[in-house]
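Values below: every heavy atom of this structure, side chains too, minus hydrogens, waters and symmetry copies. It should be emphasised that the depicted structure is a prediction, and the values quoted were computed from it without experimental measurement.
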2 protein chains.
Amino acid sequence: MSPRTSEQFKNIRLKKRQLIMDAALKVISEKGYHTASIALIAKESGVSKGLMYNYFKSKEDLLIAIMVDGFSKVFDQYVIDNRLSPEENVMMLIEQTFDVLDTMQETLMVYFSVLMNNEVFTLVKDKLNEIVEPIMEGFTQVMARLGYENPIAEAYFLRFILDGISMNYLLIPEQFPKEYCVNRIKQIYITQK
Amino acid sequence: MSPRTSEQFKNIRLKKRQLIMDAALKVISEKGYHTASIALIAKESGVSKGLMYNYFKSKEDLLIAIMVDGFSKVFDQYVIDNRLSPEENVMMLIEQTFDVLDTMQETLMVYFSVLMNNEVFTLVKDKLNEIVEPIMEGFTQVMARLGYENPIAEAYFLRFILDGISMNYLLIPEQFPKEYCVNRIKQIYITQK
DNA sequence: ATTTTTTGACTGAACGACCGGTCAAAAATA
DNA sequence: TATTTTTGACCGGTCGTTCAGTCAAAAAAT
């Protein structure tokens, strides 16, 4: 009946969709969301401007897709293992943070810039919370096992520290005291009570 | 020569200039730099579009003026007093941080969003460094007096913590554990060594 | 094996909306 | 009247978005 099986078409579409998203992530992380024009993203993708709208119904839609995809990948790397001691879990969290920072700089730059733009942020706020929530629960469990009286607040506190570190690691990588920070957090949560 | 003394004109101009800057800060903090159009800022200022260019030679020029003005005000509030103990200085730093956060939210939202946008950031990078540098020196002195072996790195570390806290305080003010964080930082730098 | 038909991925010119910025003319001031 | 402030229509250009039409590939028909 049809010239190509729907399976074939689906594969073509999925691959190209990812191609466009990768190119868009690159361009947006370099130039920012507003300055990264559809024309430029299309060029980077090696695709016509018109085709973009075959895959994403708007520029906004494209941004949301990139963000959700990126965050899922980012936060999939955070794993709590309850068979390990809470101290070991904290160490893992720190290492995972820097792993993510080293491997997903582009995603995170876009993440932070979008975060600080209320207009765009509201578009993805709920989706992000869905993704972050389980991680925060893991943080809280670890803090409870470490004996903190208010493990929820302590989990937030660690998150804030890691946010500040992440932001600056992306902004000033060359002068960032990475090793010092790693040891300092370990000292706070492990060496000392 | 002129119908008003040049002194009068100067005052009028200064006031209106500030009026425009205040309106621009408000609009930019709400919508972001690129989405905040000159027309919109003019409307918010109660001023015509054309007049904007009587006070600022370009939109870029306006942004730089706002940023430099805002940051000067922000960082003027950070004061190190060497007659006090380093512990007292750390407590002051924390209090000053939340003071700034409570009184200058708009400025800080713009600050963070600009920070994460390379294109805009390069416009103000140097000016910002000039303003931030003396603060960091103050941080470093305090850390040296507290006995840290690497006071420069420790100053950075505190800055990262305060950055992460500031960012989240602006983004999620309603669920932010302010008191807990204040006490936690004090605990890190004062109760414990 | 050859031709015809069908599909949807793909193109790029064109469109309206809006942008930052200009400027001649009007309003306001003394 | 002389001077400055203020206005908003206007300009060239870029943006996101649309859409009529093209084309390669596969199925169906011969």
Side-chain angles (χ1 to χ4, degrees), chain A residues 1-25 27-28 30-67 114 117 119-120 123, chain B residues 1-21 23-25 27-28 30-67 114 117 119-120 123-124:
Chain A
M1 258 294 265
S2 87
R4 270 172 261 197
T5 65
S6 63
E7 195 63 34
Q8 282 176 308
F9 277 127
K10 201 176 163 190
N11 276 333
I12 291 174
R13 284 191 66 78
L14 274 177
K15 277 199 173 178
K16 188 132 287 186
R17 194 183 145 91
Q18 194 56 53
L19 187 80
I20 293 172
M21 284 170 66
D22 290 345
L25 177 62
V27 177
I28 292 177
E30 280 168 2
K31 318 202 61 157
Y33 174 64
H34 284 100
T35 316
S37 69
I38 290 285
L40 206 64
I41 296 171
K43 198 176 176 184
E44 179 75 29
S45 313
V47 143
S48 74
K49 213 161 60 146
L51 190 59
M52 302 285 294
Y53 288 86
N54 209 311
Y55 288 91
F56 302 94
K57 73 175 202 286
S58 67
K59 191 183 176 187
E60 227 173 59
D61 188 51
L62 171 58
L63 178 68
I64 293 172
I66 292 171
M67 298 281 283
V114 161
N117 183 321
E119 217 193 359
V120 187
L123 297 175
Chain B
M1 255 283 270
S2 77
R4 280 178 249 193
T5 66
S6 62
E7 194 64 32
Q8 283 175 309
F9 278 126
K10 201 176 163 189
N11 277 332
I12 291 173
R13 282 190 68 81
L14 274 177
K15 279 197 173 178
K16 185 140 287 186
R17 194 182 144 92
Q18 194 58 51
L19 186 81
I20 292 172
M21 284 169 67
L25 178 62
V27 177
I28 292 176
E30 282 167 2
K31 317 200 63 157
Y33 175 65
H34 283 101
T35 316
S37 68
I38 290 285
L40 205 65
I41 295 171
K43 198 176 177 184
E44 178 75 28
S45 313
V47 144
S48 73
K49 201 165 76 152
L51 193 57
M52 302 285 293
Y53 289 86
N54 209 314
Y55 289 90
F56 301 93
K57 73 175 201 287
S58 68
K59 191 184 177 185
E60 232 174 56
D61 188 51
L62 171 58
L63 177 70
I64 292 173
I66 291 170
M67 297 283 282
V114 161
N117 183 320
E119 209 200 4
V120 186
L123 296 176
V124 292

J.: Hey, does Leu51(A) reach any base, or is it just sugar-phosphate, or nothing, if we go heavy atoms under 4.0 Å?
T.: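 It contacts base atoms.
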J.: Hey, does Ile64(A) have a side-chain heavy atom less than 4.5 Å from the side chain of Phe56(A)?
T.: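 Side chain of Phe56(A) against side chain of Ile64(A), heavy atoms only: no contact under 4.5 Å found.
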J.: Are Asn117(B) and His34(B) close enough that some pair of their side-chain heavy atoms sits under 4.5 Å apart?
T.: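 SC-SC contact between Asn117(B) and His34(B) confirmed.
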J.: Please state how far atom CD1 in Ile38(A) lies from atom P in dT18(D), giving the value in whole angstrom units.
T.: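 To the nearest whole Å, that distance equals 11 Å.
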J.: Ala65(B) and Met21(B): which non-hydrogen atoms are nearest, and at how many Å?
T.: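 Closest approach of Ala65(B) to Met21(B), heavy atoms only: O-CE, 3.5 Å.
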J.: Can you tell me the distance, in whole Å, between the NZ atom of Lys43(A) and the C1' atom of dC15(D)?
T.: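 The distance from NZ of Lys43(A) to C1' of dC15(D) comes to 16 Å, rounded to the nearest Å.
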J.: Look at the side-chain N and O atoms of Ser37(B) and state whether any lies under 4.0 Å from the OP1 or OP2 oxygen of dC19(C).
T.: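 Indeed, a polar side-chain atom of Ser37(B) lies that close.
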J.: Flag the pair Glu60(A) / Tyr33(A) as yes when at least one side-chain heavy-atom distance between them is below 4.5 Å, and no otherwise.
T.: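 Touching, per the 4.5 Å side-chain cut-off.
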J.: Within the structure shown, what part of the strands sits under 4.0 Å from Ala42(A) by heavy-atom distance: base, sugar-phosphate, or nothing?
T.: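 Ala42(A): no heavy atom of the nucleic acid under 4.0 Å.
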J.: Minimum heavy-atom separation for Ala36(A) and Ile41(A), please, with both atom names.
T.: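 What the structure gives for the nearest pair is O-CD1, 4.1 Å.
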J.: To the nearest angstrom, how far is Leu63(A) atom CG from dG16(D) atom P?
T.: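 Leu63(A) atom CG is separated from dG16(D) atom P by 12 Å.
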J.: Please report the distance, rounded to the nearest Å, between CG in Asn54(B) and P in dT22(C).
T.: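 Result: 12 Å.
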J.: In whole Å, I'd like the distance from the CE atom of Met52(B) to the C1' atom of dC23(C).
T.: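 These atoms are roughly 17 Å apart.
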J.: Measuring to OP1 and OP2 of dT17(D), would you say a side-chain N or O of Tyr53(A) lies under 4.0 angstrom away?
T.: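 Answer is yes, contact under 4.0 Å.
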J.: Roughly how many Å is it from NZ in Lys57(A) to C1' in dT17(D), rounded to a whole number?
T.: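 Rounded to whole Å, this separation is 13 Å.
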J.: Here's a test of your reading of the structure: between Tyr33(B) and Tyr55(A), which maps to the more 5' nucleotide of DNA chain C?
T.: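 First, find each residue's nearest nucleotide; the 5'-ward one identifies Tyr55(A).
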J.: Could you state the NZ-P distance from Lys59(B) to dT22(C), rounded to the nearest angstrom?
T.: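 Lys59(B) atom NZ is separated from dT22(C) atom P by 15 Å.
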J.: Using a cut-off of strictly less than 4.0 Å, decide whether Lys49(B) has a side-chain nitrogen or oxygen near OP1 or OP2 of dA9(D).
T.: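 No, outside the criterion.
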J.: Scan Lys16(B) against the nucleic acid and name what it touches under 4.0 Å (heavy atoms): base, sugar-phosphate only, or nothing.
T.: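 Sugar-phosphate: the residue Lys16(B), judged by heavy atoms under 4.0 Å, touches backbone atoms but no base.
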J.: Rounded to the nearest angstrom, tell me the gap between atom CG in Leu40(B) and atom P in dC18(C).
T.: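 It is 12 Å, rounded to the nearest whole Å.
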